[in-house]
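To start, the structure under review is shown below, and the notes come after it.
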Amino acid sequence: MSISGGSGKTRFFASLGYTNDIGYTVNSSYERFSARTSINTNPYEWMTAGLTMNYALTNTKDGGQSSYSSTNLFTFIDDIPPLFGVFMRDAQGKKIPDPHFGGYQYDFGIGRPYSTGSNAIAAADLDKSKSTADNMGLNAHINFKFLKYFTLENKFQATKFREVEIAATNPFYGSEVGSNGSITRYNTTSLSWTGLNMLRFNHTMNAHNIEAFVAHEATSYKYDIEWASKKNMVDPNGEHFRNFLEIQGLPDGYGYEYALESYFGQLNYDWSGKYFFSGTVRRDGASRFKNNKWGTFYSIGVAWMLNRESFLKNVDWLKMLKIKASYGTLGQQAAPETYLYYSGEDLYKIVPLGKKPSFVLDKKGNPDLTWEKSNMFQAGLEFNIGNYLEGGIDFYVKNTSDMLFDRRVAPSNGYAIYQVNDGLLRNSGIDFELIGHVLKGKDYFLDIKVNGGHFRNRIITMPLDPSTGKTVYLDESLSGYARAEGHSLYDHYMPTYLGVDSKTGLAQYSFVFFDENGDGKYSGKDGDKRVSSLERYLYENPDHKEKLVYDKTTSGELATSSFIGKTALPTLRGSFNISGGFKGIELSLQFTYGIGGYAYDRQYAGFMSNDLPGKNNFHVDMRKRWKEEGDISDIPRLNAGYDKYTTIRSDRFLVKSDYIGLNNVRLGYNLPKEWISKIKLDNMYLWLSGDNVMLLTARKGFNPTTSLSGASSGYTYPPLTTFTAGIRLGF
Amino acid sequence: MRKYITTLFVTLGLSGILSGCGADFLEKEPTQYISGKKIAELSQKDPKLAEGNLSSMYAILTKEESGGLPGNQEDYGQKSMDLIFDMLIGDICKPVAPYGWYTPQLQYNVSPDYSNLGNYMPWRYYYRIILAANELIESLGGRDAALEGEESTSARHFLGQALAMRANSYFYLLQYYTPKYEKDGLSVSLYLSKSDVNMPLVAQDKVYAEIFADLDRAIKLLDGFENKEKTQIDQNVAKGILAYANAAVGNYNEVKRLTDEIIATNKYRQMSKTEVCFDEKTKKGGGFNDIRTPGWMWGADIDESAGLDLVSFWGHMDVFYVSYPSVGEALCISDALYGKIREDDVRKAQFGSVVMGSGANATRLSLIPNNKFFNAARKIQGQRKVIDDYVFMRISEMILLNVEAKAFLNDESGAKATLKNFLKERITDTAYVDGLSGDALKEEIQTQWRIEFWGEGKAFLAHKRFGKDVVLGKNRFDVANQGITIPFADKRLYYKVPKNERDNNPNIPVVPSND
């Protein structure tokens, strides 16, 4: 609901909103109440000012979505073998009524091979996991115009967030029976603000348009968290500390913050809307770096509107044709982990030892760390042909140097990781967008919109190994991938799966060895050497190449990893949209697609593992496994964990990440004016919409869109398929 | 007028744009951690805080993730190292393993395969302590710093502890990462200064030489150091570590001398028969949960401030905690070892059985140490936060080392007398000891190590010294290993230099010769 209005030089706006989404799992919901007011005034010709304030109260329940297998609903439901029931049964097989919560008692499966002593459904149902948050926002600006060409803009924007999270565990069933119920309350606050002063110059003289500005911007972010736990509850529904009799663990809390400061200026120039030039220079400082806080970056761009040239003036079907190119440097300092906000310092954990402090080195700092830099060249064109086809194509090459990344060091040094700037990575690609207005008439239309992107990612220079002074040849620290010059960040590096030995039913993997004596057999002695990492071995022993034997093995310990010629990155990813309408009825379909790339399906690997009976769920493919001598199958034998190497990481679990998804369908109807004018309405629109309607992938249930590498995980809330119906009235 | 306003705006605007923020706007201090710079600053003003650097070595012993594996619930410091030792020799096993912590170790999937992350954890853990020790040693002027006079007393004591801690870490690394004692055998990397980088693997005797030098100096430096709480290394503990190191290289004269000295101080009393086991009739005794126990020489005094819960020794060991045993996945004594405990031995009752759940859903856990390691309240799942202590060294170890030294020095009557005196507090009829000699006596001594120190990691050290094959029990979930014999120094019985070290240390070949 909203109200807006005003008179003369001052306008106001106010709105209220409410939504309540109930999740499809027990105790999962999201409720939001929001309010917004804004006032803008223009008292003099040379001054404008405005103030917007917004507030939102959100209540979230997220029962059963923890990161532990014993209390995560999705993992639990995926992985528990279906022969185990959800509810406790008595000797006659009847459910046992629950005197505390009503309904029936859950079975926590003491002694159950899968996740004994837990029941994630019970945890979601009987325990509490919820939060309530206040979000407050403030936006203010005051602008002055002076000396004809100048504007001074001042903006201030701040967001304050405050959240109370409650995790309470019931006293009757599950993990907290011993403590007679417990509660942990987390209080979180954060404050971020940005201040901007900008002096703008704007001038048009004949065909010359000049726009320029200089600016100063400061950004600050501060976060605080504290929590405490108590146990032994009085009222099973109580959520306050007084309801609990004993303390559980010590209260704790901490904060972190960062700040950014930037000076920047830009000049834009165009000549009669035909030739465009722009240049930017900026200097940014970041609190996260210690000795080298500041970086300077710049960019220049040119564009040419060809259709405005006289030689194309008479080409009627060409409504617009623009070519453009730019080159510039960008700085990147993002800290994905909060400790990286202080990456210049050696960070110690304060560990209480009795009542005395102890300082344990936790993160090794690098005081010389600085901005990661990208040099990017971009060229492209935009066009509009005869009002039927419009679109654009962009080509780019981006070289990123001084990349910020965690360097692994030999753990014998006493620490394992610190952050450095090093390496050179090239990303290049093409993005395109085409919009076709296929049909267009008085009361009908059909539009088709396609976009996509293809990109390549290649390491040009590997980072330096400080101990040798040479670049690292091969970095295998991310399991399943290896990084080397000429390869992308996501090239799979693992043993090859060579099927099932039809005699024994064992899984076979690639095995390479150096055959010193040339007998074609690996003896483990007489100079025979097993090769665990082919790329590395060839680098270290280039003269052994001729005497390498490519064999197979049923031992995971002997298996040889190598680049298997598959990458996780897709060849093409994008979306397309079909929308059409006829006499007030509108239908639109939005698809996303991905072509190319291979992802590691961890979840499937879990379902195919050789576990003890009842320890994990199986995929239906397990029925097709090898059972007796002579069986031809791709799936190794199953023997309750006796074979150790049934599902080691190999290309057996790589699956094509091709997908096509129907993200959204929307059907709408604008009621004819003549019908609704009788009931004093301006307009009336009815609609029905569906989200995440369908996803087709190489394996049913596999979703490659949840991470860049496409690898699957069992802990996430699968995208909801939702249908919504609505009505919009205009008075 | 208009002009003035304009000038005002221009001035305001330019000052906003050009002045920027204060010089310290981009200077932020963490509170989630404390920076090295800040510790140094604060320690200057408050010398008590300097002890925080010393304490860090002790904190690592009990801290989660000290082995560098966040999220791995086996990663909680020294007691996990001790448990893995007992798993390697099969004395600790699991009849069922639904959650699966420690199952790769129990199945011997870790030790033969250097790429298994299990090999990383002890390596990372001990070298983390070594770096902390090296930083402290260097800040105090190095191993041979004079530090004389009254005013250097605390510096002497700090240095002594740091040296002993470094020696202890190298000693454990050698036990973990070498098949057996061989003077010239390639072993681990040696870092004696905080500025050493990517050190190569060296021969065992080179490491032992540093261990001996560190401990000799530590024992001198720790003269007069009193630590009533027993949470720090005093002179006796340093001597105990030195006795272990000497035993590992077969230098039993020194072992005898050192253990005689420690025993003669009379500062400790062997844990009595009531102290080692809970008596189900009297509802008294036992626990292995209190550092004040007179038989303990060194341990960790743990209370809620440590913030430990499931990821701890107690979370894996004790049904009376919210723990894995309390949901049916227990660490048990191997039935093979249990069978060796005499009927009249009080330690037999350390291992009992508990029925979990009820009716059709009841499950019985057998041969669990519910009467050896337990929370005093003894309520199933009664305790979540760890409030019970950890033991690192007991006087009984010194007594058994003394017995062992005498046996290896061919003083069998001396060995038997001391052993019988020790067993008086465990076994009703110790006369059987009189009939033992030669290998049988040595075998009995090793068996006593395994029984007395089940769950404490000391039996593995004895295994390394006695050099006997390992025979596994049958109450194991890993069917393939039930009842098998593993030859001494087999690749399953010691850890390998982890893959991560090979990948990142250019001075270590991918396949070192000690694999």
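Just so we're clear, the structure is a prediction, and the values are computed from it rather than from any experiment. So that the names make sense, note that chain A is the first sequence line, chain B the second, and so on, each numbered from 1. In what follows, every heavy atom counts, from backbone to side chain, and hydrogens, waters and symmetry copies are set aside.
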Is [X] close to chain A through its backbone or its side chain, or both, or neither, when contacts mean heavy atoms under 4.5 Å?
{"X": "B:K63", "result": "side chain"}
{"X": "B:K38", "result": "neither"}
{"X": "B:A97", "result": "backbone"}
{"X": "B:N481", "result": "neither"}
{"X": "B:V96", "result": "neither"}
{"X": "B:I34", "result": "both"}
{"X": "B:P112", "result": "both"}
{"X": "B:Y120", "result": "side chain"}

Could you tell me which of [options] has the largest number of non-hydrogen atom pairs under 4.5 Å with chain A?
{"options": "B:Y58, B:F477, B:Y324, B:Y127", "result": "B:Y127"}
{"options": "B:E65, B:E27, B:M57, B:K194", "result": "B:E27"}
{"options": "B:N109, B:D196, B:L26, B:L173", "result": "B:L26"}

Which of [options] touches chain B most, by non-hydrogen pairs under 4.5 Å:
{"options": "A:G344, A:G109, A:S287", "result": "A:S287"}
{"options": "A:Y415, A:Y114, A:F289", "result": "A:Y415"}
{"options": "A:D362, A:V177, A:N639, A:I417", "result": "A:D362"}
{"options": "A:K231, A:K363, A:K356, A:E176", "result": "A:E176"}
{"options": "A:S220, A:A416, A:A218", "result": "A:A416"}
{"options": "A:K529, A:E476, A:K290", "result": "A:E476"}

Part of [X] within contact of chain B (heavy atom distance under 4.5 Å):
{"X": "A:Y258", "answer": "backbone"}
{"X": "A:A640", "answer": "neither"}
{"X": "A:R112", "answer": "backbone"}
{"X": "A:V409", "answer": "backbone"}
{"X": "A:K644", "answer": "side chain"}
{"X": "A:L260", "answer": "backbone"}
{"X": "A:S118", "answer": "both"}
{"X": "A:Y342", "answer": "side chain"}
{"X": "A:L347", "answer": "both"}
{"X": "A:T219", "answer": "backbone"}

What's the spacing between [X] [atom1] and [Y] [atom2] if we round to 0.5 Å?
{"X": "A:D252", "Y": "B:S305", "atom1": "CG", "atom2": "OG", "value": "11.0 Å"}
{"X": "A:S115", "Y": "B:E329", "atom1": "OG", "atom2": "CD", "value": "9.5 Å"}
{"X": "A:K349", "Y": "B:S56", "atom1": "NZ", "atom2": "OG", "value": "13.5 Å"}
{"X": "A:S358", "Y": "B:L54", "atom1": "OG", "atom2": "CG", "value": "9.5 Å"}
{"X": "A:E246", "Y": "B:K385", "atom1": "CD", "atom2": "NZ", "value": "14.0 Å"}

Ignoring hydrogens and angles, state whether a donor on the side chain of [X] or [Y] is under 3.5 Å from an acceptor on the partner side chain.
{"X": "B:T31", "Y": "A:Y256", "value": "no"}
{"X": "B:Y114", "Y": "A:S532", "value": "yes"}
{"X": "A:S412", "Y": "B:Y191", "value": "yes"}

Close side-chain approach of [X] and [Y], heavy atoms under 4.5 Å:
{"X": "B:V197", "Y": "A:N413", "result": "yes"}
{"X": "A:L353", "Y": "B:T231", "result": "no"}
{"X": "B:L49", "Y": "A:F359", "result": "yes"}
{"X": "A:Q248", "Y": "B:Q383", "result": "no"}
{"X": "A:F108", "Y": "B:V327", "result": "no"}

Side-chain donor/acceptor of [X] to backbone N/O of [Y], under 3.5 Å:
{"X": "B:K28", "Y": "A:A259", "answer": "no"}
{"X": "B:Y99", "Y": "A:T116", "answer": "yes"}
{"X": "A:R408", "Y": "B:E501", "answer": "no"}

If you look at every heavy atom in [X] and [Y], which pair is closest and at what distance?
{"X": "A:V360", "Y": "B:A59", "answer": "CG2-CB, 3.7 Å"}
{"X": "A:P411", "Y": "B:N500", "answer": "CD-OD1, 3.7 Å"}
{"X": "B:Q381", "Y": "A:G174", "answer": "OE1-O, 3.6 Å"}

Identify whether the distance between the nearest side-chain nitrogen and carboxylate oxygen of B:K37 and A:D346 falls below 4.0 Å. no
